[in-house]
Novice: 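Have a look at the structure that comes next, please.
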2 protein chains.
Amino acid sequence: MSEQTPRRASGGRKTDRKGPTKGERTRATILDAATELFSRSGFHAVSLRDIAAHAGLTHAGLLHHFPGKEDVLIKVLGRRDRADAALLWAPDAGERPEALLDAIVRIVHRNMATPGMVGLYVKISGEAADPEHPAHDYFVQRYRVLREALTRAFADLFARPDPPLHHDAGIVAGQFLALMDGLQTQWLLEPEAVDMHASVVAFLRQLGLTLELSAEPAPPTPATSEPSSPVPPAKEPHDTDRP
Amino acid sequence: MSEQTPRRASGGRKTDRKGPTKGERTRATILDAATELFSRSGFHAVSLRDIAAHAGLTHAGLLHHFPGKEDVLIKVLGRRDRADAALLWAPDAGERPEALLDAIVRIVHRNMATPGMVGLYVKISGEAADPEHPAHDYFVQRYRVLREALTRAFADLFARPDPPLHHDAGIVAGQFLALMDGLQTQWLLEPEAVDMHASVVAFLRQLGLTLELSAEPAPPTPATSEPSSPVPPAKEPHDTDRP
DNA sequence: GTCTATAGAAAGATAGAC
DNA sequence: GTCTATCTTTCTATAGAC
């Protein structure tokens with residue numbers, strides 16, 4: 001029954017509304033595999049052969065879809081950050097700054113359910129300190145965007161209480177990101193030794209902020225193995241493609 | 001004339017008071033080179049040939065002094081941590097818990113003067129999350145020791161003010177280490193974007209602690225290139241040697 | 001779109017001369 | 001203590017058949 005490529009009816013598939021191409025599905029599978037392996041062992045320690053084997057093809061087949069190893073990495077990172085952005089600036093977040101705190105605590109829980117992805121960011125952001133690293137610019141940009149967004153949100157939050165809190169929102173934004181990253185490093189090394197949720201909540205309390213969600217909101221994803229990706233393959237916002 | 005071992009007068013050079021052997025000097029040079037290269041590019045991305053060339057010998061020559069690449073890494077890490085330990089628990093630190101805050105701020109400044117070593121720890125601690133990584137156990141142990149020491153110190157500090165502060169010293173210890181690590185990650189990516197000194201001081205203030213040294217204490221090491229090592233080659237306290 | 005086959009470079013490690 | 005030479009493995013990437 002060689003009923004291959006069953007449904008490519010309407011020609012060039014440009015405005016086709018039906019599901020992903022086989023190529024797109026393969027690329028997604030490759031990115032899933034790369035995500036898992038990079039997460040486990042970093043960038044340099046993982047070979048294209050490893051990724052390809054894990055995705056069910058050969059390394060030559062993989063290179064048909066991606067020009068090189070670095071491109072795979074950039075795509076993996078982009079996919080995850082699009083997911084985080086969707087969580088952080090969800091439509092309902094609108095103008096309520098405390099919605100950001102909600103979202104952040106949600107992300108902490110999501111992270112605790114996906115140690116592999118956490119490991120990926122810890123490892124790659126470490127490697128990326130080298131200006132020669134393929135993901136260097138990516139991470140510089142990433143932290144810039146996150147710091148700016150958090151600075152605005154914290155500034156709003158500090159202005160709200162009576163009396164207002166006197167913190168430097170910019171400093172706190174950097175502190176907060178640093179806290180999350182650093183906690184993850186310790187948590188990956190020894191999960192029982194660090195309570196990421198308690199530490200983050202305590203930090204916000206130390207600032208004088210009051211949280212309504214202090215009680216354990218029960219993470220929606222108690223899975224221990226990576227659920228592929230929370231985001232469907234979508235158009236890249238910041239493109240690093242080379243034709 | 002098989003009059004070998006020319007000057008080993010007093011037996012096996014055990015209580016010999018004169019300077020380091022040639023071999024010891026070579027090993028120190030190798031560790032300096034490895035430190036610099038691991039700092040710049042991490043563990044996996046650096047080859048023994050790179051290190052050897054940088055130290056002025058061949059990779060075979062290097063392997064005469066170290067059994068393998070992993071051993072070089074462990075020795076590099078051990079040397080730095082012995083230096084930090086000397087700073088953190090200096091003799092004068094005795095029983096004054098605020099001496100620890102002094103020492104911590106000093107370490108922040110030392111770090112800002114040695115971005116290479118900071119990069120080493122950021123990179124290797126990221127890679128070491130993998131239980132297979134040669135430095136995994138080392139880092140687990142390292143964070144355990146640091147958290148315990150900081151927990152005791154913070155507990156003392158919180159009990160001191162009138163009225164005492166009500167923080168969980170264990171949580172704060174983890175937060176503090178996380179803050180330092182995370183700030184370094186951002187600082188390495190974009191040094192102008194993060195003020196490590198201000199962020200750390202602000203954190204201690206957010207806790208309600210008052211510092212006498214708030215004003216810039218002028219780091220004693222304004223150097224930009226690594227000064228080899230602040231600690232002379234000494235007997236390893238935690239030995240990982242294999243004969 | 002995926003494969004086999006292979007090129008070409010570089011890795012960690014060892015043997016033995018000097 | 002350091003070298004040259006070499007072994008063995010593994011890597012990224014390319015060429016071309018199917």
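Here is how names work: the chains are called A, B, and so on, in the same order as the sequence lines, proteins then strands, and each is numbered from 1. Being a predicted model, the structure only gives us computed values, none of them experimental.
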Novice: At 4.0 Å (heavy atoms only), tell me whether B/V46 reaches a base, stays on the sugar-phosphate, or touches nothing.
Specialist: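 Sugar-phosphate: the residue B/V46, judged by heavy atoms under 4.0 Å, touches backbone atoms but no base.
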Novice: What's the closest nucleotide to the side chain of A/L57 if the choices are C/dC3, C/dG1, C/dT14?
Specialist: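 The listed nucleotide nearest to A/L57's side chain is C/dC3.
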Novice: Could you tell me the separation between the CG atom of A/L48 and the P atom of C/dT6, rounded to a whole number of Å?
Specialist: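 These atoms are roughly 21 Å apart.
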Novice: Once you round it to whole Å, what is the distance between C1' of C/dC3 and CG of A/L62?
Specialist: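 Going from CG in A/L62 over to C1' in C/dC3 covers 13 Å.
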Novice: Going by atom types only, do B/D32 and B/T35 share a side-chain donor-acceptor pair under 3.5 Å?
Specialist: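 No - no donor-acceptor pair under 3.5 Å links their side chains.
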Novice: Can you tell me the distance, in whole Å, between the CD1 atom of A/I51 and the C1' atom of D/dA13?
Specialist: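 Whole-Å distance recorded here is 14 Å.
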Novice: For A/L63, which contact category applies under a 4.0 Å heavy-atom criterion: base, sugar-phosphate, or nothing?
Specialist: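 Base, at least one base heavy atom under 4.0 Å.
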Novice: Rounded to whole Å, how long is the line connecting atom CD1 of B/I30 with atom C1' of D/dT2?
Specialist: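 Atom-to-atom, B/I30 to D/dT2, this comes out as 11 Å.
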Novice: Short question: side chain of B/E70, backbone of B/P134 - any donor-acceptor pair under 3.5 Å?
Specialist: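 Judged by distance alone, no pair lies under 3.5 Å.
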Novice: B/F43 CZ to C/dG12 C1': how many Å, rounded?
Specialist: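 Distance check: B/F43 CZ to C/dG12 C1' gives 11 Å.
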Novice: Just so I know, are the side chains of B/R147 and A/Q186 near enough to count as touching, which here means a heavy-atom distance under 4.5 Å?
Specialist: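 They are in side-chain contact.
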Novice: Between P on D/dC3 and CZ on B/R49, what's the gap in Å once rounded to a whole number?
Specialist: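 The answer, rounded to whole Å, is 13 Å.
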Novice: With respect to the phosphate group of C/dT2, does any side-chain polar atom (N or O) of A/T26 fall under 4.0 Å of OP1 or OP2?
Specialist: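 Yes, because at least one side-chain N or O of A/T26 sits under 4.0 Å from OP1 or OP2 of C/dT2.
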Novice: For A/F43, does the six-membered ring have the charged nitrogen or CZ of A/K69 within the cation-pi criterion, i.e. under 6.0 angstrom from the centroid and within 45° of the normal?
Specialist: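 Yes, cation above the ring, under 6.0 Å and within 45°.
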Novice: Is any side-chain N or O of B/S47 closer than 4.0 Å to OP1 or OP2 of C/dA11?
Specialist: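 Answer yes for this pair, as a side-chain N or O of B/S47 is under 4.0 Å from OP1 or OP2.
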Novice: Between D/dG1 and B/H64, is there an OP1 or OP2 to side-chain N/O distance shorter than 4.0 Å?
Specialist: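 For D/dG1, OP1 or OP2 has a side-chain N or O of B/H64 closer than 4.0 Å.
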Novice: Picking from C/dG1, D/dC3, D/dA15, which would you name as closest to the side chain of B/A60?
Specialist: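 Nearest to the side-chain atoms of B/A60, counting from C-beta on, is D/dC3.
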Novice: Reckon A/T58 touches a base, only the sugar-phosphate, or nothing at all at heavy-atom distances under 4.0 Å?
Specialist: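 Result for A/T58 = base.
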Novice: Quickly work out the A/F66 CZ to D/dA13 P distance and round it to whole Å.
Specialist: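 Distance, rounded to whole Å: 14 Å.
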Novice: For a quick check under 3.5 Å, do A/Y121 and A/D181 share a side-chain donor-acceptor pair by atom type?
Specialist: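 A/D181 and A/Y121 do not have a side-chain donor-acceptor pair below 3.5 Å.
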Novice: Does B/H44 or A/H59 map to a spot on DNA chain C nearer the 5' end, using the closest nucleotide for each?
Specialist: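 Its nearest nucleotide being more 5', the pick is A/H59.
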